[in-house]
Colleague: 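For reference, the structure I am asking about is given below.
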2 protein chains.
Amino acid sequence: MAEPTGAARDPEAVSRFVEHFAAQLVEAGLPRMPARVFAALLASDTGVLTSAELGERLRISPAAVSGAVRYLAQQHMVSREREPGSRRERYRVHGDQWYEALTNREAVIRRWEDALREGVVSLGSDTPAGRRLAETLAFFEFVEKEVEAMMDRWRAHREERFGRG
Amino acid sequence: MAEPTGAARDPEAVSRFVEHFAAQLVEAGLPRMPARVFAALLASDTGVLTSAELGERLRISPAAVSGAVRYLAQQHMVSREREPGSRRERYRVHGDQWYEALTNREAVIRRWEDALREGVVSLGSDTPAGRRLAETLAFFEFVEKEVEAMMDRWRAHREERFGRG
DNA sequence: CGCTTCTTTCAGAAATTTGTGAAGTTAAGG
DNA sequence: CCTTAACTTCACAAATTTCTGAAAGAAGCG
């Protein structure tokens, strides 16, 4: 306990937010445990928690924590840090990482594009179906480019509004 | 190759594309059957297939077709049409629908925003965690606005490149 | 008005996913 | 070099999801 910053907040209110937000993430396709762990980190004061803290707050086993953070790290949604001079591991959400993670759906889009390109070739670019696939492909290529520009604009907007993080 | 439109194309090549693209969609979080049905429609010449055709091409039961199209219709990824003077139902992918469907992740984002707003209030906007949530919220609000503008630009881009659909 | 054709619903079997306890692994500290 | 703290891996039990066959439900057509 004993958060240095600010008075102790109502732990139940925190938990309520964590579970509610996690539920939204689950509905959007994130597995349950990673969603809860992520939400717990978001709602923590420092944005950093150890495995033990996560297990305690969420009432889950060390194994579940381990699996969840592995997943989140792979998605670049958290980073792992070794607490120096200890075998404790710490997990952190970085404001920026969170945004970048969403952007990293790019990798997914890239694979869609590959599949579509293959489809255009094998169905024939002069067929109606081929044309439909080509247009879909064009859409994704467009989006990919636009998202990049959008993120630049966001970073500018953010700095203006919040100052550099 | 390059059969005239309407001639039977290599059905195996079509199937290969369908399954490959569907697999990508599944990996992105779409349930298996809806993904396969959607891919089959994308790869069809007219963009329209009946229940029976879908069942036959994908080797799945009528029940599976029914469940999949219900899902897809709810997500606005296909529209259902009653073939006049018949109890056959037809399912269609519309180029535009497909884009709009992706845009409709908006509804999801909206719910995330709600949860985050609630979190800012209950954690206190003067706490570090509250500030983190507020910044995340700002990000999504930004994205929401930007995506709208992006879709406008896409429609213009598309018309220029493909002519109006 | 009933027959026929197509679609949906429902209950259940099968497969997949999820989370746990327990053993295994790594590395700090004496 | 041995002890001990912390995380990871593994096998399995439980819960959930998914797809099917069968039966019920609409809607055109004679």
Side-chain angles (χ1 to χ4, degrees), chain A residues 15 18-19 22-41 44 46 48-75 77-93, chain B residues 15 18-19 22-41 44 46 48-75 77-93:
Chain A
S15 175
V18 167
E19 297 305 331
Q24 303 304 319
L25 295 175
V26 166
E27 208 166 321
L30 213 64
R32 180 178 309 277
M33 285 294 141
R36 296 180 68 206
V37 166
F38 185 76
L41 279 168
S44 70
T46 59
V48 179
L49 293 173
T50 65
S51 252
E53 289 169 326
L54 284 167
E56 190 193 336
R57 295 189 187 199
L58 299 173
R59 304 300 191 83
I60 58 180
S61 71
V65 174
S66 176
V69 295
R70 179 174 17 150
Y71 178 95
L72 291 171
Q74 273 175 351
Q75 309 293 318
M77 293 176 71
V78 308
S79 60
R80 357 177 46 144
E81 311 175 343
R82 183 63 108 287
E83 194 168 279
S86 161
R87 39 231 159 291
R88 263 195 162 105
E89 199 118 10
R90 304 189 307 179
Y91 306 102
R92 149 168 287 145
V93 271
Chain B
S15 174
V18 167
E19 297 305 331
Q24 303 304 322
L25 295 175
V26 167
E27 208 165 321
L30 214 63
R32 181 177 309 279
M33 286 293 141
R36 295 181 68 207
V37 165
F38 185 76
L41 279 167
S44 71
T46 60
V48 179
L49 292 175
T50 65
S51 253
E53 289 168 325
L54 284 167
E56 190 193 336
R57 294 189 188 200
L58 299 173
R59 301 304 191 82
I60 59 180
S61 70
V65 174
S66 175
V69 295
R70 179 172 19 149
Y71 179 95
L72 291 171
Q74 272 175 351
Q75 308 294 317
M77 293 176 70
V78 308
S79 59
R80 357 177 46 145
E81 312 176 341
R82 184 61 109 288
E83 193 168 280
S86 162
R87 41 235 156 288
R88 263 194 163 106
E89 199 118 9
R90 305 188 307 180
Y91 306 101
R92 149 167 287 144
V93 271

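Numbers restart at 1 for each chain; the letters A, B, ... are given by sequence-line order, proteins then strands.
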Colleague: Can you tell if the side chain of B:E89 reaches within under 4.5 Å of the side chain of B:R82, non-hydrogen atoms only?
Modeller: yes
Colleague: Rounding to a whole Å, what distance do you find between B:R36:CZ and D:dT20:P?
Modeller: 9 Å
Colleague: For A:R32 and for B:R90, find the nucleotide of DNA chain C with the closest heavy atom, then tell me which residue's nucleotide is more 5'.
Modeller: B:R90
Colleague: Taking the side chain of A:R88 as heavy atoms from C-beta outward, which of D:dT20, C:dT9, D:dC7 is closest to it?
Modeller: D:dC7
Colleague: Just so I know, are the side chains of A:S44 and A:R57 near enough to count as touching, which here means a heavy-atom distance under 4.5 Å?
Modeller: yes
Colleague: Which heavy atom of A:V26 sits nearest a heavy atom of A:A35, and at what distance?
Modeller: CG2-CB, 3.8 Å
Colleague: Can you tell which of D:dT20, C:dA28, D:dT8 lies closest to the side chain of A:R87?
Modeller: C:dA28
Colleague: Which of these passes side-chain contact (heavy atoms from CB on, under 4.5 Å) with B:V37: B:V78, B:V93, B:L54?
Modeller: B:L54
Colleague: Find the distance A:Y71:OH to D:dC7:P and express it as a whole number of Å.
Modeller: 22 Å
Colleague: A:R70 has a side chain; which of D:dT9, D:dC19, C:dT7 sits nearest to it?
Modeller: D:dT9
Colleague: Between B:M33 (CE) and D:dT20 (C1'), how many Å, whole number?
Modeller: 10 Å
Colleague: If you assign each of B:E89 and A:R82 to its closest nucleotide in DNA chain C, which residue comes earlier from the 5' end?
Modeller: B:E89
Colleague: Take atom CG of B:L54 and atom C1' of C:dT7, then tell me their distance rounded to the nearest Å.
Modeller: 13 Å
Colleague: Taking CD from B:Q74 and C1' from C:dT8, how many angstroms apart are they, rounded to a whole number?
Modeller: 14 Å
Colleague: I need the OH-P distance between A:Y91 and D:dA6, as an integer number of Å.
Modeller: 13 Å
Colleague: Mind calculating the distance between CG (B:L49) and P (C:dT7) to the nearest angstrom?
Modeller: 12 Å
Colleague: Distance-only, no hydrogens or angles: does the B:R36 side chain make a donor-acceptor pair with backbone N or O of B:L58 under 3.5 Å?
Modeller: yes
Colleague: May I ask you to evaluate whether A:R80 reaches the phosphate of D:dT8, defined as a side-chain N or O under 4.0 Å from OP1 or OP2?
Modeller: yes
Colleague: Describe the nucleic acid contact of A:S66 in one word from base, sugar-phosphate, nothing, applying a heavy-atom distance below 4.0 Å.
Modeller: base
Colleague: Which listed nucleotide (D:dT20, C:dT18, C:dT20) is nearest to the side chain of A:A64?
Modeller: C:dT20
Colleague: Just compare D:dC10, D:dC19, D:dC7 and give me whichever is closest to any side-chain atom of A:A63.
Modeller: D:dC10
